[in-house]
Amino acid sequence: MFSTLFSINSRRNLKAFIRKSVNLLENYTKQKLINHGNALHCHLIKMGLSSQKYVAVKLLIMYLDSRKSFEIDQMLKEFNGFNLVVQNCLINANLERGNVTDACQLFDEMPERNEVSWTALISGLLKQGNVDKAMFYFERNPFSNVFSWTAAISGLVQNKLSFQAMRLYKDMLRSRVLPNDITFTSVVRACVDLGDLGLGRSVLGLVVKFGFEDNLCVSNSMVTFFLRLGEYDSAKKIFDRMEEKDVVSWTTILDMYFEMGDLREARRIFDEMPERNEVTWSAIISRFSQSGDAEEAVILFRQMIQHQFKPNVSCYSSVISALANLEALEAGKNIHAHALKIGMEMNVFIGSSLVDLYCKCGNTKDGRLVFDSLPEKNVVCWNSMVSGYSLNGQLAEAIELFNQIPQKNNVSWNSLIAGHLGNKNFAEAFEVFNEMILSGEQPNKSTFSSVLSASANLASLEKGKYVHAKVFKFRFHHDIFMGTALVDMYAKSGSIESSRKIFNRMPTKNEVVWTAMIQGLAENGFAEESLRLFEQMELTSSIPPNELILLSVLFACSHCGLVDKGLHYFNSMEKVYGIKPNERHYTTVVDMLARSGRLSEAEKFIESLPNEPEANTWAALLSGCKIYGEERLAERAAEKLSVAAEKKPGGYVLLSNIYASGGRWIDVMNTRNLMNQKGVKKSGGCSWIEMRNQVHMFYSQVEIHTFSKDMYWVLQLLNGEIQSYFT
DNA sequence: ATAGGGTTAG
C-alpha cells in the first residue's frame with residue numbers, strides 16, 4: 001500500500017518520503033487508523049527510518065493518542081539521542097488531552113529545557129484555559145523570544161483576557177523584543193474585543209513602522225478590526241489597498257456588507273468573489289438566516305452541497321435555525337439524521353438549534369429529548385429550551401427550567417418575559433422584569449420592547465411611565481424601536497399627549513411609528529388630528545400607507561362623520577395605494593355609513609362585497625338600525641348576524657351583546673345556552689385596578705380575588721347607606 | 001503560535 005513511496009534512490013527522494021510519512025502518520029492519528037499506522041511503522045523499521053527524529057515523534061504521538069502503552073515504552077527506549085524533543089512531545093500530548101498535572105510534572109522533572117519546551121508548555125496550558133499556571137511558567141521563562149511572548153499574548157486573547165494581553169504586549173515592546181506578524185494579528189484581535197478604536201489605530205501605526213502592513217494576515221485582521229468597530233470606510237480602504245487578497249479577505253468584506261445591511265452588495269460580492277470555501281458558505285447561509293430570509297438560506301445550503309463542499313458545524317447550526325424559522329420539521333429531521341451520521345449531534349451549537357427546531361415545530365417533547373442528551377450545555381441551550389416551552393404555552397415548565405439555569409444571561413430573562421407576554425400574562429411579564437433589574441442583569445432593547453408591550457396591554461400608565469424611566473436610564477431613548485414602543489404604550493394607556501411628545505421629538509420616523517401615532521390618535525378620539533397627521537405623512541414622507549394606517553384613517557373618518565372623505569379613501573385603497581381591503585376595512589366602512597344614518601347605502605355596500613362579511617359587519621349595521629329605528633332592516637341584519645355567528649365563536653358573544661342591549665333577555669339566554677352546547681369558550685370579562693404597586697384583577701361571574709367576600713360585604717353596606725340617604 | 005463563519009430572546 002505504500003508502493004508509491006518506495007522508489008527511494010536519492011537524498012531528495014528520501015526527504016520527500018519522510019515528509020510524506022509524517023503527513024500520513026498525522027492523518028492516521030487523526031482518523032484513529034492505528035492499523036494503517038502500524039503497517040507504516042513496520043515499513044519504516046525495515047528501511048531503518050523508524051528512529052528518524054520527525055518520524056519517531058509522530059509515531060510516538062500516534063501511540064500516545066491510542067493509548068498503546070507497550071509501543072510507547074518500546075519507543076521511549078529507542079529515544080536516547082533526542083530525549084529533549086521526546087519530552088517536549090510527551091508534554092504536548094498530555095496537554096492536548098487535558099492532562100495538565102502530568103504535563104507540568106513532566107516539565108518540572110526535565111533535566112534540561114529549551115525554548116520550545118517553555119513555549120509549548122505555556123501555549124498548551126493557555127489552550128486548556130489554565131491561565132494562572134501558564135502565567136506562573138511565563139514569568140519564570142528564562143528565554144525571552146518572540147515565540148513565547150506571542151504564545152502568551154494569543155493565548156490570553158483566546159481566553160477573552162484581552163486587557164491582560166495588551167499589557168503583555170506593552171511589556172514585550174518595553175523589553176525590546178520585536179513583534180512579528182502573528183503577534184500583530186493577536187494584538188489586533190485583542191483591540192477588537194476591547195472595542196478600543198484609539199488603541200487599534202496606535203497598533204496600526206506600529207504595524208506600518210515594523211513593515212507588516214503588506215502582510216496578508218495582519219491586513220485581514222485590520223479589516224476585521226475596523227468592521228467590528230463600525231468604521232466601514234476604513235475597513236473598505238484597507239481592503240481596497242491590499243495587493244494580495246485571499247478567501248479570508250473576501251469573506252470578511254462580504255460579512256461587512258451584511259453588517260451594514262446592504263444585502264444586495266453582499267450578494268454581488270458573493271457571486272463574484274474569486275474563491276469560496278466552507279467558511280464563506282457558512283457565513284452567507286447564517287447571514288441570510290439571521291436577516292429573516294430563511295428560504296434563501298436553505299437554497300444556499302443546497303447549492304453548497306451541490307458544489308461538493310462539506311458543511312461544518314456552523315453551517316449545520318445555521319441551516320437548522322433557518323428550518324426552525326420555516327417550521328420545516330421533516331427537512332429539519334433530515335439534517336438531524338445527517339448530524340448524527342457524522343457524530344456532531346452533541347455539539348452545543350447544533351444541539352441548541354435542534355432544540356429550537358423541535359420546539360418551533362410545536363414538539364417540545366423531542367426538543368427536551370435533544371436538550372437532555374447534550375453532555376455540555378451552555379446558556380444558549382438552556383435559553384432555547386426555556387423559550388421553546390414559552391412558545392408552546394408550557395409556562396410552568398419554562399419557569400422551572402429557567403430557575404435551574406446555572407448562569408443566566410439577559411437572553412434567559414428575555415425569553416421568560418417574552419413567554420409571559422405571548423401567553424398574555426402581562427402582570428407576570430412585569431414581575432419578571434422587576435426581578436431581572438433587581439438581579440443586576442442588564443436589560444436590552446428586546447427586554448424593553450417586551451415590557452412596553454406588556455404595559456400597553458395592561459393599559460397601566462403608572463407601569464408604562466416606570467418603564468419609560470428605565471428606558472431613559474439605560475440610554476435607549478434615542479432608539480427608533482424604543483420610541484415606537486413608547487408612542488404605542490402611551491396611546492394605549494390613554495396618555496396621548498406623551499405619545500405626541502415622543503413622536504414629535506423623533507428625528508427619523510419609519511412606517512411603524514407613523515402607524516402607531518395615527519392609530520393612537522384615531523383610537524383615542526382625536527379623529528381630526530389623526531387625519532391631519534395622515535395627510536402630513538403623505539406630504540412630507542416617502543412612506544406609503546399600509547393596511548393598518550388606512551384602517552385608522554377610515555376609523556377616524558367614521559368617528560368625526562366625514563363619510564364622503566372616508567369613502568374616498570376606501571375607494572383609493574386599491575387604486576392609489578395598491579392595498580386590498582380586508583374584512584376589518586369593510587366593517588369600518590359599514591360602521592361609518594350606519595352611524596351617519598346612510599343605512600340602505602350600508603346594506604348595498606355589504607351586498608357588493610366579494611365574500612360573506614364577518615359577524616362584526618352585521619353587528620355594525622344592526623347598531624346603526626337601532627339608532628335610527630330601522631326595524632325591518634334590523635330584523636334582516638340580526639338574522640344574518642346569527643348565521644354568521646355560528647361560524648365563529650366570537651360571533652355568539654356579539655349576538656348575545658346585541659340582544660342584551662335591546663333588552664331581549666330570552667334571546668340572550670338562548671344564545672348563551674347555544675354557546676355552552678357547542679362548547680364555545682368566552683374569555684371572561686376582566687377588570688383591574690392598581691393600588692400600591694399591585695394589580696388587583698376582577699373577573700365577571702367568578703370570585704377570584706382573595707378579598708372578594710369582604711368587598712361585596714362593604715359594597716352591600718354602602719348600598720344600604722345610599723338607600724337610607726334617599727328615603 | 002495567527003486572520004474569516006456558528007446556536008437562543010424581540
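A quick note: this is a predicted structure, and the numbers were derived from the prediction, not measured. So you know, we letter chains A, B, ... as the sequences are listed, proteins then strands, and number each from 1.
Taking the side chain of Thr150(A) as heavy atoms from C-beta on, and the options dA1(B), dA3(B), dG10(B), the nearest nucleotide is dA1(B). Side-chain atoms of Val279(A) lie closest to dG4(B) of the nucleotides dG6(B), dA9(B), dG4(B). Which of dA3(B), dA9(B), dA1(B) sits closest to the side chain of Phe147(A) comes down to dA1(B). Which of dA9(B), dT7(B), dA1(B) sits closest to the side chain of Ser317(A) comes down to dT7(B). Considering only side-chain atoms of Ser387(A), the nucleotide from dG4(B), dT2(B), dT8(B) that sits closest is dT8(B). Closest to the side chain of Phe349(A), from the set dT7(B), dG4(B), dT2(B), is dT7(B). Taking only side-chain atoms of Ser353(A), from C-beta outward, the nucleotide of dT7(B), dT8(B), dG10(B) with the closest atom is dT7(B). In the set dG10(B), dG4(B), dT2(B), dG4(B) carries the atom at the smallest distance from any side-chain atom of Val248(A). Across dT8(B), dG4(B), dA9(B), the shortest atom-to-atom separation from the side chain of Thr224(A) is found for dG4(B).
Rounding to whole angstrom units, CZ of residue Phe476(A) and P of dG10(B) are separated by 17 Å. Atom CH2 in Trp413(A) sits roughly 17 Å away from atom P in dG10(B) (whole-Å rounding). Between Trp250(A) atom CH2 and dA3(B) atom C1' there is a gap of 17 Å when expressed in whole angstrom units. Atom CG in Leu121(A) sits about 15 Å away from atom C1' in dA1(B), given to the nearest Å.
Contacts of Lys424(A) classified as side chain to side chain donor-acceptor pair (under 3.5 Å), with partners at least two apart in sequence or in another chain: none. By the salt bridge (charged side-chain N to carboxylate O under 4.0 Å, His left out) test, Asp255(A) is found to be paired with Arg228(A), Arg287(A), residues two or more places apart in sequence or in another chain being considered. Considering only residues two or more places apart in sequence or on other chains, Asn414(A) meets the side chain to side chain donor-acceptor pair (under 3.5 Å) condition with Asn444(A), Thr447(A).
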Donor-acceptor pairs are to be reported for all side-chain atoms of residues 336-347 of chain A against protein atoms at under 3.5 Å, with residues two or more places apart or in another chain.
residue	atom	partner	partner atom	Å
His336(A)	ND1	Tyr358(A)	OH	2.8
Asn347(A)	OD1	Phe349(A)	N	2.7
Asn347(A)	OD1	Ile350(A)	N	3.1

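In this structure, Ser282(A) does not reach the dG4(B) phosphate: none of its side-chain N or O atoms is under 4.0 Å from OP1 or OP2. For Ser286(A) and dG6(B), the shortest distance from a side-chain N or O to OP1 or OP2 is below 4.0 Å. Dashed line: the shortest gap from a side-chain N or O of Arg189(A) to OP1 or OP2 of dA3(B) is under 4.0 Å. Remark: Gln290(A) is in phosphate contact with dT7(B), judged by side-chain N or O atoms under 4.0 Å from OP1 or OP2.
Using a 4.0 Å heavy-atom distance criterion, Asp181(A) is classed as making no nucleic acid contact. Across all strands, Asn444(A) comes closer than 4.0 Å to base atoms (heavy-atom distances). Within 4.0 Å of Ala418(A), counting heavy atoms only, lie sugar-phosphate atoms of the nucleic acid but no base atom.
For Trp250(A) and Phe239(A), the ring centers are positioned less than 6.0 Å apart. You'll find the ring centres of Phe138(A) and Trp149(A) inside the 6.0 Å limit.
Of all heavy-atom pairs spanning Ala235(A) and Ile253(A), the tightest one is O-CD1, 4.5 Å.
Applying a 4.0 Å cut-off to non-hydrogen atoms, the residues of residues 358-378 of chain A that approach DNA chain B are Lys360(A), listed by residue number.
Residue pairs meeting the side chain to side chain donor-acceptor pair (under 3.5 Å) criterion with at least one partner in residues 207-227 of chain A, sequence neighbours excluded, are Asp181(A)-Asn215(A), Asn220(A)-Asp246(A), Asn220(A)-Ser249(A).
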